[in-house]
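To start, the structure under review is shown below, and the notes come after it.
These numbers come from a predicted model, not from an experiment. We number each residue from 1, following the sequence as shown.
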Amino acid sequence: MKDLSCVIGITLLIASLSAPLINRNKKEFKNFYNLLDDSQKNIYEIIIYERLSIYFIGMILGLGLGIYFLLNNKKDKLRLCKFLMILYFVKFGFYYFYPKQPLMLYSLTTKEQINSWANIYMEMKNRFKYSLIIGFIGYLLISMYFC
C-alpha cells in the first residue's frame with residue numbers, strides 16, 4: 001500500500017461504480033411503497049428528492065474542490081488518488097452533515113410499514129458494505145497489477 005490516499009480514493013471510486021451493479025431487491029421498495037397511504041407516499045417522494053439533491057450538491061462540491069486541488073498540485077505524483085479522496089470525502093461529509101427532513105420512519109403508522117422499512121434499511125446498508133468490500137478488493141488487484 002503505497003499511499004493511504006490511493007487506498008481510500010480508488011476503493012471509494014470502485015465502490016461507487018460497483019454499488020449500482022450489486023443485486024438490488026427492487027421488490028422490497030415496491031412492497032414498501034404499496035403499504036403507504038397517499039399522504040405517506042407524498043412524504044416519501046419528498047424525502048427521496050431531498051436526499052438526491054443533497055447527494056448531487058455534495059458531489060458537485062467534492063468535484064469542485066477536487067479539481068481545485070488538481071490544478072494547484074500539478075507536481076504531486078499521487079494527485080489523482082488525492083483528487084478521488086477529496087471528492088468522496090466532501091460528498092459523504094456534506095451528505096452526512098447537511099440538515100434533512102425527519103426520517104421516513106416517523107411517518108409510518110403500522111407495524112407492517114415499519115418492518116418493510118427495516119428491510120429496505122438493511123438492503124441499503126448491505127449494498128453499501130458490499131460495494132466497499134468490492135472497492136477495496138479492486139484496489140488490491142490494481143495495486144498488485146502495477147507493482
- Message: Show, in sequence, the C-alpha distance, side-chain angles and deciding distance for Ile142 and Ile14, and conclude whether the side-chain contact (heavy atoms from CB on, under 4.5 Å) test is met.
- Response: CA-CA 11 Å; Ile142 289 170; Ile14 295 171; 3.7 Å; yes
- Same cluster (ILVMFWY, side-chain, under 4.5 Å), Ile46 and Phe56: no
- Scan residues 83-132 for pairs that pass disulfide bond (SG atoms under 2.5 Å apart), counting only residues two or more places apart or in two chains. none
- Could you walk me through whether Leu132 and Leu12 pass side-chain contact (heavy atoms from CB on, under 4.5 Å), step by step? CA-CA 7 Å; Leu132 285 176; Leu12 292 175; 3.8 Å; yes
- Message: Strictly by salt bridge (Lys or Arg N to Asp or Glu O under 4.0 Å), give each pair with a member in residues 97-114 just once, sequence neighbours left out.
- Response: none
Run the side-chain donor-acceptor check on residues 59-74: report pairs under 3.5 Å with partners two or more places apart or on a different chain.
residue: Asn72; atom: ND2; partner: Tyr68; partner atom: O; Å: 2.9
residue: Asn73; atom: ND2; partner: Phe69; partner atom: O; Å: 2.9

- Message: Testing Lys125, Met124, Glu123 one by one against Tyr121 for a side chain to side chain contact (heavy atoms under 4.5 Å, CB included), which residue passes?
- Response: Lys125
- Item | Gap between atom CG of Asn34 and atom CZ of Phe29 - 0.5 Å precision | 13.5 Å
- Note on the structure: When rounded to the nearest 0.5 Å, the distance separating CG of Leu13 from CG of Leu80 is 8.5 Å
- Ser116 and Leu35 have their tightest heavy-atom pair at CB-CD1, 3.7 Å
Result block: side-chain N/O donor-acceptor pairs under 3.5 angstrom for residues 101-109, not counting sequence neighbours:
residue: Thr109; atom: OG1; partner: Gln113; partner atom: OE1; Å: 3.3

Please tabulate, one pair per line, all N/O donor-acceptor pairs under 3.5 Å involving side-chain atoms of residues 81-99, not counting sequence neighbours.
residue: Lys82; atom: NZ; partner: Asp76; partner atom: OD2; Å: 2.9
residue: Tyr88; atom: OH; partner: Ser16; partner atom: OG; Å: 2.8
residue: Lys91; atom: NZ; partner: Tyr55; partner atom: OH; Å: 3.0

- Task: Could you tell me the separation between the OH atom of Tyr33 and the CD1 atom of Ile120, rounded to the nearest 0.5 Å?
- Result: 12.0 Å
- Task: Measure the acute angle between the ring planes of Trp117 and Phe32, then classify it against the limits of 30° and 60° as parallel, tilted or perpendicular.
- Result: tilted
- Message: Between Phe136 and Val7, is the side-chain contact (heavy atoms from CB on, under 4.5 Å) condition met? List the steps.
- Response: CA-CA 7 Å; Phe136 185 67; Val7 174; 3.8 Å; yes
- Taking atom CD1 of Ile47 and atom CD of Gln40, what is their separation to the nearest 0.5 Å? 10.5 Å
- Output every pair passing salt bridge (Lys or Arg N to Asp or Glu O under 4.0 Å) with a member in residues 31-48, not counting sequence neighbours, ordered by first then second residue. none
- Query: Linking I/L/V/M/F/W/Y whenever their side-chain heavy atoms sit closer than 4.5 Å, directly or via other members, would Phe128 and Met122 fall into one cluster?
  - Reply: no
- Task: Look up atom CG in Asn115 and atom CG in Asn31, then write down how far apart they are to the nearest 0.5 Å.
- Result: 12.5 Å
- Query: So how far is it from Thr11 OG1 to Ile134 CD1, rounded to the nearest 0.5 Å?
  - Reply: 12.0 Å
